[in-house]
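Below is one structure, written out as C-alpha cells, with a few remarks after it.
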Protein chains: 2
Amino acid sequence: MSLRQPARATIRDVAAQAGVSVSSVSRVMNGEPHISPELHARIMRAVNRLRFEPHSAAQALRSRESKTIGCMVSDLSNPLYSEMINGAEEEFQRAGYVLMLAATRHEQDRETAFISAVRRRRMDGLLLFAGDNAHTDFTGALANLDLPCVAIDREVPGVPSVRADHRGGGLEITRYLIGLGHRRTALLTGRAALLPSSERLAGYRQAHTEAKLDVDPDLIRPQTQGSSIAFSDVCQLLQGPDRPTAIITLGTHMLAGVMDALASNGLRYPDDMSLVCIGDTDLARHATPGISALTWDLDQMGRVAANILLDRIRGGDEPRKIRPIYLPTRFILRHSGAKPRAP
Amino acid sequence: MSLRQPARATIRDVAAQAGVSVSSVSRVMNGEPHISPELHARIMRAVNRLRFEPHSAAQALRSRESKTIGCMVSDLSNPLYSEMINGAEEEFQRAGYVLMLAATRHEQDRETAFISAVRRRRMDGLLLFAGDNAHTDFTGALANLDLPCVAIDREVPGVPSVRADHRGGGLEITRYLIGLGHRRTALLTGRAALLPSSERLAGYRQAHTEAKLDVDPDLIRPQTQGSSIAFSDVCQLLQGPDRPTAIITLGTHMLAGVMDALASNGLRYPDDMSLVCIGDTDLARHATPGISALTWDLDQMGRVAANILLDRIRGGDEPRKIRPIYLPTRFILRHSGAKPRAP
DNA sequence: GGCATTCCTGGAAACGTTTCCATACTCTGC
DNA sequence: GCAGAGTATGGAAACGTTTCCAGGAATGCC
C-alpha cells in the first residue's frame, strides 16, 4: 500500500516544512505559552502532514525525564499482584507515563538486575510490590538509587508504602475463630519473608495473647505459596496427635490444596474443621458451603500507590511522610466456620 | 550515608579516568573484539570505580535500538492474560529486553494511544494480546508501524500469531456434550469480537453440523465477561420455554455466575444441567462435583510468542510465514456432565 | 518620545552514546 | 624487506531533542 517510509520525520523536517525554527516547533509540541496563533497553525499543519512524532529517547536524553515508571513484582501470574498493577497502570497511563514491568520470581539477581535497568533507563519512579524483605543486596542498591519509590505491601527502609492492614485482618479473623471456641488454629500464610505474611502472623499472635492462649509453633506454616504444599501441610497437621480445629489459609492456590486435603482425609467443613481464607476468590465464594474470607481492595491499592508515586515525582525531593498508608481489610462471613467438635 | 551524588558518570568520565578514548570505552562496554587485555582491564577498573552505567536513552538515540518490547493487553487483571505475560516477560528478560505494558480496557483510544507510544519510543517489537478484531483504526495504525509484531489469540492482518486451538477445543467439548445426548447446549463464551470466542463458536457449530443438529441462536450468548452477566444470562435461559440441558461457559468469573444461577433456580449439575468450562480454574477443580474443563498452556503460549517476536527482531525483515501457530487445548474430564434428563 | 517590559521567534549549544574513518602498529608469506 | 591483511586505538561526526541566550517588535508608563 504505502511506500516504505524512507525515514521518520524529525523536528528539523517539520521546521523546514513550516519555514520556522526548530525551537518554535519544540515549543508548540510542548504546549508552551507565548506562541502566535498563525505560527501554531502553520507548525501543526506541517506536523500532521509529515506525521511527526517526537523521538522519546532524544527527549529523555535532553530533558532528563523518561516518562517511565518501573514496576517490580515477584510473580505476575498471581492475580493479587496483577490486579493491583492493573489499577496502578491506569493511573500512570492517565498521567502520561508508561509502565516498565519486571517479574523477579523472588530471585535476588533479577531484583538487582532490574534496579540496574531502572538506573540506565533513568526511569522517573519505581513501584515495588511485595518481595522478600530479607534481600539486603537489593535494599542497598535501592538506597543508592535516589529516585522516587513507593512500596506496596513491602517494608523498605526510607521508602513510603501502601499496605493493606494485614495485621488487623489477621487479628479479626483469629479473634473470630477463637470466639467460636477454637484453641488450635493452623495458619498457612505464605512465605514468611513477605510483609503480609508476617503482619498476619502478628495479628494472629495478638489475638491469642488477648485470649491468654499459647500458640503452637507447629501450627504456623510459613511456606511458599502453592496448592500441593498446602495439601501436604494440612495432611501432616491432620496426622499429628493434636489436630487443629480451624485453618486460616491464603485464598489463591492454597485454599484449593487445603480443601483437597480435607476431602481426602474424609473431613468436612465447617463441622470437622473451620476454614477462613485470605483474599476472596471465586472458589471461596462458590464452594459449598461458602468460605469466609478476608478481602481488601486491590485495584484501589494500586491506584493509591500510583498516585503517591506521581506526587513524589512531581513534588521533587520533599522528604514527605514515610509513614505507611494502610488500607482496611474486610471480613466476609460465610458458612465455613463452626464451633469445634467436643473432643 | 553516601553523599548525594552530584552527577552520574558518563562514558567521557570513564575515558578520562582510564586515560583512553571514549570509543574504546564504548567498545569494551559492548563486548566488541580486538581489544587488548590491558586496555580492557584499565577501562573496567574505571567503570567500576565510577559506577558507570550507560544511559540507555543515549544508546537508543544513536544505535536505533531501544531494547524494549511493547505489550498490549485488554485487561491485565484477567489471570488468563497475566499468566501469558508472565511467561513472555521471562523470555524477554533473558534476552535483555524490558517489557512496556499497557492495558487498553477494550477502548480503541487507548489502543491507538499505545501504538503512538510504541512509535515515539521506538520500541523494538510489539506483543498484542487478544483484543477486539473490530477495531479498525487500530489495525490501520498498526499497518503503518513497520515493526516486528506478534499477536496472541488475535487476528491482525499481516501479523503472525500464536493461538490456542479454541476451535478444536470448542469442537471437542461440544462433541462430548452431543455424544451424551444433549441437543440444546448454551454457549457463554465472552465478547464476540474476540478471536477465541468466535473460534470456539465455530467449533461449536461444526460439532452441531456433524451431528446434523440445528443451533438455536438464542443459546449463544456472546456477552462481555462477568459473573453477573453470566448469572442473568443463565436465569433468562432457564425461564424460556425450551431450556438448554447443557452449558459451556468461560471459567474465569463467568462460571461462578453460572453456578449461582443454577443454585438459585434450584438446579444441580450434572443431573439437571451439564456443565463444561473453558479455562481451568480453582473453582472448576474444587467445586463438588468437579467441573470438566478445557485448558491450555498459558505460560507456554507467552513464551512461544515472545520467542517468535525475538526471532523476528533479530532476523530483520524476513517476510516469514505468517501462518498462525496453534497450541493444543486439552479436555479435562470431571463430573459435571451427564445424559440429559428424559423430557 | 524615551525607556523598561513583555511577547514572540531564531540560533546554537548541549544531552551521552555509537560508529565511521583514519592511523599506527604487528604479523604473515614470499 | 616489503605488500597486504589484520589488530588495536583515537578523533569526531552524528542521533533528535530541549533549553539557554539573544534580539526584534509591540506595548505600557511617565
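All chains are named by letter (A, B, ...) in the order of the sequence lines, taking the proteins before the strands, and each is independently numbered beginning at 1.
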For this session: Run the numbers on B/Arg12 and B/Thr10 for side-chain hydrogen bond (donor to acceptor under 3.5 Å, both in side chains), then give the verdict.
Result: CA-CA 5 Å; B/Arg12 238 181 214 92; B/Thr10 75; 5.5 Å; no

Under 4.0 Å, heavy atoms only, any strand: does [X] hit a base, just the sugar-phosphate, or nothing?
X	answer
B/Ser24	sugar-phosphate
A/Arg12	base
B/Thr10	sugar-phosphate
B/Ser36	sugar-phosphate

Does a side-chain N-to-carboxylate-O contact under 4.0 Å join [X] and [Y]?
X	Y	result
B/Asp124	B/Lys67	no
A/Glu83	A/Arg303	no
B/Arg122	B/Glu65	no
B/Arg110	A/Glu90	yes

For this session: Using the closest heavy atom to pick a nucleotide of DNA chain C for each, name whichever of A/Arg122 or A/His34 lands nearer the 5' end.
Result: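 Looking at the nearest nucleotide for each, A/His34 comes out on the 5' side.
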
For this session: For A/Ser63 and for B/Val25, locate the closest nucleotide of DNA chain C by heavy-atom distance; then report the residue assigned to the nucleotide nearer the 5' terminus.
Result: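 The 5'-side residue here is A/Ser63.
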
Exercise. Do B/Ser116 side-chain atoms and B/Phe114 backbone N/O form a donor-acceptor pair below 3.5 Å?
Worked result: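 Checked: no pair found.
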
Exercise. Can a side chain N or O of B/Ser21 be found less than 4.0 Å away from OP1 or OP2 on D/dT9?
Worked result: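 Checking B/Ser21 against D/dT9: no side-chain N or O falls below 4.0 Å of OP1 or OP2.
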
Problem set entry | Given DNA chain D, 5'-ward residue of the pair A/Arg27 and A/Ile11, judged by closest heavy atom |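 Final value for this comparison: A/Ile11.
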
Problem set entry | Nearest-nucleotide 5' precedence on DNA chain D, B/Ser23 against B/Arg62 |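 It is B/Ser23 whose nearest nucleotide is closer to the 5' end.
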
For this session: Walk along DNA chain C from 5' to 3' and tell me the first and last nucleotide with an atom closer than 4.0 Å to a non-hydrogen atom of chain A.
Result: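 Under 4.0 Å from chain A, the extent on DNA chain C is C/dC7 to C/dG16.
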
Problem set entry | Spacing of B/Ile35 atom CD1 relative to D/dT7 atom P, expressed in whole Å |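 Taking CD1 of B/Ile35 and P of D/dT7, I get 13 Å after rounding.
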
